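Read the numbers this way: they start at 1 and go in the same order the structure lists the ligands and their atoms. Start at 1 with the first residue, then count along the sequence. All figures in this text were calculated on a predicted structure; none of them were measured in a lab.
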Amino acid sequence: MTKATDNASRGPSRSDIRLSFEFFPPKTADAEKQLWETATQLSAYEPAFLSVTYGAGGSTKVPTLATVRHLLGMGLPAASHLTCVGATKEEVNAVVAEFQAIGVKHFVALRGDPPGGVGTAYQPHPGGYANAAELVAGLRGLADFEVSVSAYPEKHPQSADVAADIDMLKRKVDAGATRALTQFFFDNDQFEHYLERVRRAGITIPVVPGLLPVHNLAQVQKFAGMCGATVPAWLAERLSPVDDKPQERTAVAVELAVRQLEDLISRGIDEFHFYTMNRANLVSAVCDGVGLAKVDRRPAAGAAA
Ligand SMILES: Cc1cc2nc3c(=O)[nH]c(=O)nc-3n(C[C@H](O)[C@H](O)[C@H](O)COP(=O)(O)OP(=O)(O)OC[C@H]3O[C@@H](n4cnc5c(N)ncnc54)[C@H](O)[C@@H]3O)c2cc1C
């Protein structure tokens with residue numbers, strides 16, 4: 001992020017800003033409880049949707065399905081991520097039917113990582129959807145689902161170049177995707193240049209910045225290394241000295257994320273996807289920091305349980 005951030009009055013009004021929040025399926029009872037609390041807190045910002053990742057760490061559909069079902073049961077607009085790794089089209093379609101049966105209308109459709117890990121070659125299943133564009137087309141052929149897809153401002157690590165990446169995004173849009181959610185990034189200039197190239201390629205759908213307020217610098221550096229994102233030196237320089245001071249670390253992380261968000265708003269962006277890490281504190285501090293409206297979703301005093 002290099003452009004000045006003192007121009008926050010420019011750009012869309014705060015009341016026009018739309019948010020979405022990404023979660024992963026919790027693995028323990030405590031983590032579950034934390035997620036439901038996080039979802040309740042963040043629902044105060046009236047997000048367009050809350051999405052739940054799929055198959056992370058080699059897991060199956062089961063934890064994602066359970067998490068999405070719970071969020072829908074809380075009356076929240078839950079969307080499910082879906083990958084086509086290692087499955088036939090029939091198997092993927094059967095999974096889609098299960099999600100549809102619990103009320104899912106929105107998928108984040110992804111090719112997914114190879115079972116051997118990010119660095120290994122991707123082999124499509126012989127009877128499966130070969131890539132994310134085919135998966136999008138498959139989903140749209142099954143029902144009138146809303147379909148979001150991924151986008152990579154710094155290029156996907158497997159991709160030859162940004163042009164190949166944008167070509168794949170175009171194929172996903174042509175197949176019926178209506179929104180792209182980006183990999184997290186910290187350099188808004190780079191995002192803006194990417195967006196200009198996307199628009200020049202004739203892609204008109206919203207390309208929604210993925211924002212990751214930093215809870216843990218080492219973990220973010222590790223993720224970034226795996227997914228081809230960059231953690232700029234200035235960010236590490238601000239966060240490293242407060243790494244073992246939780247209160248100061250939180251304050252710096254919020255300050256940096258607020259600056260990034262303010263700056264993106266000033267550039268005319270009005271939709272944002274937060275990687276929440278299943279925690280509400282940083283994300284809500286950032287949303288409050290830029291003055292986003294929220295509603296009180298706590299039950300009224302005396303309301304029936
Ligand atoms: C918002 C978001 C959410 C995500 N959620 C999940 C999730 O829930 N579960 C999960 O497992 N992963 C998730 N991922 C990670 C994603 O699965 C990986 O990045 C995966 O490697 C690519 O999937 P994709 O749909 O982005 O691929 P695509 O859009 O199909 O491809 C991405 C780029 O990689 C290049 N590429 C693809 N295949 C090849 C190939 N065979 N040879 C050369 N280049 C190639 C293309 O240029 C393309 O632009 C998510 C990523 C993002 C950005």
*Do side-chain atoms of Arg249 reach the backbone of Val242 as a donor and acceptor pair under 3.5 angstrom?*
no
*How are the rings of Tyr45 and Phe21 set relative to one another: parallel (under 30°), tilted (30 to 60°) or perpendicular (over 60°)?*
perpendicular
*Would you say His156 and ligand 1 have an N/O pair spaced under 3.5 Å apart?*
yes
*Donor-acceptor side-chain pairing of Ser148 and His106 below 3.5 angstrom*: yes
*Does Gly55 have a heavy atom less than 4.0 Å from any atom of ligand 1?*
no
*Taking ILVMFWY side chains as joined if any heavy atoms are under 4.5 angstrom apart, and letting links pass through other members, which residues group with Leu181?*
Phe49, Val108, Leu110, Val208
*Counting heavy atoms only, which part of His81 comes closer than 4.0 Å to ligand 1: side chain, backbone, both or neither?*
side chain
*Residue Thr53 vicinity, atoms of ligand 1 by number, heavy atom under 4.0 Å*: 8 (O)
*Minimum non-hydrogen distance to atom 23 (O) of ligand 1, winning option of Ala160, Gly112, Ser150, Ala132*: Gly112
*On the 0 to 90° scale, with breaks at 30° and 60°, tag the Tyr152-His156 ring pair as parallel, tilted or perpendicular.*
perpendicular
*Polar proximity ligand 1 side, Asn131 side, N/O cut 3.5 Å exclusive*: no
*Taking both backbone and side-chain atoms of Gln158, is any N or O found less than 3.5 Å from an N or O belonging to ligand 1?*
yes
_If I apply the N/O under 3.5 Å rule, does Thr83 come out as touching ligand 1?_
no
*Could you pull out, from Tyr129, Tyr152, Phe184, the option with a heavy atom nearest to atom 16 (C) of ligand 1?*
Tyr152
_For Tyr122, does the six-membered ring have the charged nitrogen or CZ of Arg111 within the cation-pi criterion, i.e. under 6.0 angstrom from the centroid and within 45° of the normal?_
yes
*asked:* Against ligand 1, does Gly210 come closer than 4.0 Å with any heavy atom?
replied: no
*To the nearest 0.5 Å, what is the distance between CG (Leu42) and NZ (Lys294)?*
9.5 Å
*Intermediate values then yes/no, side chain to side chain donor-acceptor pair (under 3.5 Å), Asp165 and Ser159*: CA-CA 6 Å; Asp165 245 19; Ser159 197; 2.9 Å; yes
*Which part of Met168 is near ligand 1, with near meaning a heavy atom under 4.0 Å away: side chain, backbone, both or neither?*
side chain
*Can you label the angle between the His70 ring and the Trp36 ring as parallel, tilted or perpendicular, going by 30° and 60°?*
parallel
*Assert yes or no for the condition that the ring centre distance of His273 to Tyr275 is strictly below 6.0 Å.*
yes
_Whether Phe24 lies under 4.0 Å from ligand 1, heavy atom_ = no
_Pairwise distance CZ(Arg267) to CD(Glu262) - rounded to 0.5 angstrom_ = 12.5 Å
*If you count the atoms of ligand 1 from 1 in the order shown, which ones are under 4.0 Å from a heavy atom of Gln183?*
53 (C)
*ligand 1 and Asp113, any nitrogen or oxygen pair closer than 3.5 angstrom?*
yes
*Where's the contact between Lys172 and ligand 1, heavy-atom distance under 4.0 Å: side chain, backbone, both or neither?*
side chain
*Is any N or O atom of His273, backbone or side chain, closer than 3.5 Å to an N or O atom of ligand 1?*
no
*Does Ser159, backbone or side chain, put an N or O under 3.5 Å from an N or O of ligand 1?*
yes
